[in-house]
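Sequence lines set the chain letters: A, B, ... in the order given, protein chains first and strands last, and positions in each chain run from 1.
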Amino acid sequence: MIKFENVSKSYGESKVLKDLSFQINQGDFVVLIGPSGCGKTTTLRTINRLIEPDSGTIYIDGNDISALNPVELRRSIGYVIQQIGLFPNMTVEENIAVVPKLLKYPKEKWQPIVKDLLGLVGMPYDENAHKYPSELSGGQQQRIGVLRALAASPPIVLMDEPFGALDPITREALQEEVKRIQKKLKKTIVFVTHDMDEALKMADVIVFMSGGKILQMASPEELLQHPADPLISEFMGKHRGTVNINANLTAADFMKTRVLKASGSMQTLQSVELMRNRDVNSMIVLNEDDTYAGTVSLDTIKTHGKAGRAIGEFMETGVPTVNLKEDARETFEKLYTSPAGYVVVLNDDMSVAGLITKTSMAKAMGEALWGEMIS
Amino acid sequence: MTNLMPLILEHLMIVLIAAFIAVFIGVSLGILSYWVRYLDKAILWTAEIIQTIPNLALLAMLMIIFGLGNVTIIAGLVLYALLPIIRNTYIGLESVPSHLKDAARGMGMSRLQRLMKVEMPLSFPLVFSGIKLAVVNSLSIAVMGVLIGAGGLGYPIYRGIQTGSVERILTGAIPVVLMALILDYLMSKVEKRLVHKGTRG
């Protein structure tokens, strides 16, 4: 378990980390994400003390890491970087065995580890162990980079945009491999990326950072459904809702709230004028206590109404209503069978929350599928 | 020509001894200037200034300290050889890609381990070319040794100048040139063997 307690870091005038406090649980795949300069990489690098915070404390399994020897600490934490950083003067085998050798494992101990690990990513030992990094493809190199981080079986692995420099196909393959390895070996992984796709795919927990602070720390689902900040929604862009189109969408997600409402005592001409102004053909009629009474349409008033009559007299009550928290699917069915072509959404106290029309439903569905619409 | 061989050997010995000392001091100072940020300029400037002192003046000054003989010329050669070795060591270490240094640090290597396992192996080609340059330069500067009572191939050249004998001058100069070519060739061979397979080309 990694725990940040009021961690701050500045470079000169600029504050990179602002009083950061959060906790990473054992075995979690935690992704730090945010716009560039948000402090995600700095946060990562404070964990193995490549960067020392100005104030605050970081604990790993309850131990204050500033009290530990940084060199020994780093040997107990895996580290993968974007530029891969395999040592070009060492073979694949030597690269993987770097940390075990630093820890003075005898060859009988580290060589089987190298063989096992190469097997884990489908790169046979005999074929690959004695090659130099320059003889490998980019994807293979970063596989070795990941294996090197795992070689001394550290419980925690830090990954700083490890797949950022890879082509999309290789990246996808590696994402899957790393996720598989993480599950298999039950590692705690702290992973920095600026790619929301990657974050949603890999993370158990996403930590969204901006300006040195955490805006939201939540599961990918939670983040998708309830982004805590407009910046997060913007960052997710097309992703909003793509992953969980069925999950917990309610009537509230589909309704439009700008609806025409009036008391039943309003007079016909006034209501016609209102509807014309707003370019709608019906409006909601309220009781005196603002609870929902019914609806009245322009057509009904035109055919039956006379000037100076209260609209309450022509009110219809046949339009289906749903509660705000009604499941999206139920709502959709009611809308589909509604003779008026819309349903009224009510709050718990029976006051009117909004309307769902076929247009608003279609728009919300579109957004769920393809992300925010422009208009 | 029969009496030329001892002179060639002595010349070579002077140069090689100087080279070993210069490599030891130069590489150490190069590492020091790389490790200790505020020392780098001081060390490199000093080495550069030494390089600009005329041979004759430097040797004369050294003679006051070390007296006549081979020690003085060796000391002079060491001083001249320092600059290319220090500079190339320093530049070589500095130019190791920063992500490799970061990876080495992140893996949990101490400063010395980073130097020995990663930084020195990767800057070796540059360090070695500095050494090569220093050795080849030393071969010709060592000729000056004759003026301060040292042995080597400076002797026949000096005699040639005194007697106006081009032939004598050439008996001294040609072996120096040949040695330079041979040493350069041999060191290139050694370099090829030493430079790691993974870092080549």
Original post:
Of the listed residues (A:Val99, A:Leu73, A:Leu102), which shares the most heavy-atom pairs with chain B below a 4.5 Å separation?
Top reply: A:Leu102
Subject >> Atom group of B:Lys101 that falls short of 4.5 Å from chain A, counting heavy atoms >> reply: neither
Original post:
Has A:Met123 got more than 12 heavy atoms of other residues, nucleotides or ligands less than 6.0 Å from its CE?
Top reply: yes
Subject >> A:Leu86, part contacting chain B, at a heavy-atom distance under 4.5 Å >> reply: backbone
Original post:
Under 6.0 Å from the CD atom of B:Glu167, do we count more than 12 heavy atoms belonging to anything else shown?
Top reply: no
Original post:
Just wondering, more than 12 heavy atoms not from B:Met61 lying within 6.0 Å of its CE?
Top reply: yes
Original post:
Do other residues, nucleotides or ligands put more than 12 heavy atoms under 6.0 Å from B:Tyr80 OH?
Top reply: yes
Original post:
Hey, does A:Arg45 have a side-chain heavy atom less than 4.5 Å from the side chain of B:Asp102?
Top reply: yes
**OP:** Mind listing the closest non-hydrogen atom pair of B:Val118 and A:Met90 along with its distance?
**Re:** CG2-CE, 4.4 Å
**OP:** Calculate, to the nearest 0.5 Å, the distance between atoms NE2 and CD1 belonging to B:His99 and A:Ile81 respectively.
**Re:** 6.0 Å
Subject >> Where B:Ala103 and A:Gly85 come nearest, the two heavy atoms and their spacing >> reply: CB-O, 3.6 Å
**OP:** Looking only at non-hydrogen atoms, find the nearest pair between A:Pro88 and B:Leu122 and report the distance.
**Re:** CG-CD2, 3.5 Å
Subject >> Close side-chain approach of A:Val98 to B:Met109, heavy-atom, < 4.5 Å >> reply: yes
Original post:
For A:Tyr79 and B:Met107, which heavy atoms make the closest approach, and how far apart are they?
Top reply: O-CE, 3.3 Å
Original post:
What is the distance from atom OG of B:Ser110 to atom CZ of A:Arg74, rounded to the nearest 0.5 Å?
Top reply: 10.5 Å
Original post:
Under 6.0 Å from the CZ atom of A:Phe22, do we count more than 12 heavy atoms belonging to anything else shown?
Top reply: yes
Subject >> Other residues, nucleotides, ligands: >12 heavy atoms within 6.0 Å of B:Leu56 CG >> reply: no
Subject >> Proximal component of A:Leu50, with respect to chain B [non-hydrogen, under 4.5 Å] >> reply: both
Original post:
Within a reach of under 6.0 Å around NZ of A:Lys131, are more than 12 heavy atoms found that belong to other residues, nucleotides or ligands?
Top reply: yes
Subject >> A:Lys3 NZ: over 12 foreign heavy atoms closer than 6.0 Å >> reply: no
